[in-house]
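Some notes on the structure that comes next.
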Amino acid sequence: MNADLFPLDTDLAIAPGAWLLPGFALGAAAALLEAVGEVLAEAPLRQLHTPGGQLMQVAMSNCGELGWVSDARGYRYQALDPRSDRCWPSMPAMIKQLATEAAQRAGFADFRPDACLINRYLPGNRLSLHQDRDERDFSQPIVSISLGLPATFLFGGLTRADKPARLTLRHGDALVWGGPSRLRFHGVLPLADGEHPVLGRQRINLTLRRAD
Ligand code: SIN
Ligand code: FE2
């Protein structure tokens, strides 16, 4: 029996279908960062424009069969990195494994991620409240893994007007949301400045999803 697949008493139920798994990825953080570094060497971080023409603060890249992109034509997933016109780097097996285990811990036994968005926040960078709805199958959850500086994550309701709860996401934390929480609005407050012992003045977030 694999104890990792069952809730620990440190796991926090945030809402139906939403779990914060503090420190879930801590032991794997060094290997994760190495894998992310290899992805970013092939598909560097870049700032995207919203369909309305605004430059997004958070810099992004992807690995997996599909990558999330935004430009004047809209938000979507695509197989090619628009910067190189080549396929996104494949998703490192250890990242997929970790995300699948986090999903299982949160009660989603059949998570099959095909897309991993890599977000890089510098001090002051924020991500405004939004829903993740560019995916085909909302029965598949979202798994987010945080590295580097702590962030205040806003976890809202199913309408934009619902007052969001605030969660601190620290280095090594995983957050899973799916089922009745899959379409909750969420965002990130401006990143507070600081110096993380491993990552310095930044936060890296990996968001794994089933897009297709
Ligand atoms: C996202 O909503 O895509 C990213 C959330 C985060 O950075 O924690
Ligand atoms: Fe999101």
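Numbering of ligands and ligand atoms starts at 1, following listing order. Index from 1, following the sequence.
- Between D132 and R209 a salt bridge is recorded (basic side-chain N to carboxylate O distance below 4.0 Å).
- One option in N125, L127, L117 has a heavy atom closer to atom 1 (C) of ligand 1 than any other, and that option is L127.
- The closest side-chain donor-acceptor pair between S146 and R170, if any, does not fall under 3.5 angstrom.
- Shown in contact with N205 at under 4.0 Å from a heavy atom are these atoms of ligand 1, numbered in order with element: 4 (C), 5 (C), 6 (C), 7 (O), 8 (O).
- The shortest contact between atom 4 (C) of ligand 1 and any protein heavy atom is with N119 ND2, 3.3 Å.
- Inspection of the D173 and H171 side chains reveals no N or O donor paired with an N or O acceptor under 3.5 Å.
- Listed by chain and residue number, the protein N/O/S atoms under 2.8 Å of the Fe ion (ligand 2) are H130 NE2, D132 OD1, H186 NE2, with waters left out.
- Of all atoms in ligand 1, numbered sequentially from 1 with element shown, those under 4.0 Å from a heavy atom of V188 are 6 (C), 7 (O), 8 (O).
- Close contacts between ligand 1 and F153 involve ligand atoms 5 (C), 8 (O) [criterion: under 4.0 Å to a heavy atom].
- Residue H186 approaches ligand 1 through these ligand atoms, each under 4.0 Å from one of its heavy atoms: 2 (O).
- Residue R209 places a heavy atom less than 4.0 Å from ligand 1.
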Side-chain polar contacts of residues 106-125 - donor-acceptor pairs under 3.5 angstrom, sequence neighbours left out - could you list them?
from: D114; atom 1: OD1; to: A211; atom 2: N; distance (Å): 2.7
from: D114; atom 1: OD2; to: D212; atom 2: N; distance (Å): 3.1
from: N125; atom 1: OD1; to: L122; atom 2: N; distance (Å): 2.8

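- Put simply, part of Y121 is less than 4.0 Å from ligand 1, judged by heavy atoms.
- Residue R203 has at least one N or O atom closer than 3.5 Å to an N or O atom of ligand 1.
- R210 has no carboxylate O lying under 4.0 Å from a charged side-chain N of E65, or vice versa, which leaves the two without a salt bridge.
- When the shell of 6.0 Å around CD of Q78 is examined, it contains more than 12 heavy atoms from other residues, nucleotides or ligands.
- Ring-plane geometry between Y75 and W68 is classed as parallel, the angle between the planes falling under 30 degrees on a 0 to 90 degree scale with a further cut at 60.
- Residue S146 places no N or O, backbone or side chain, under 3.5 Å from any N or O of ligand 1.
- Hydrophobic clustering places L169 together with L12 (ILVMFWY residues linked when any side-chain heavy atoms are closer than 4.5 Å, directly or through intermediates).
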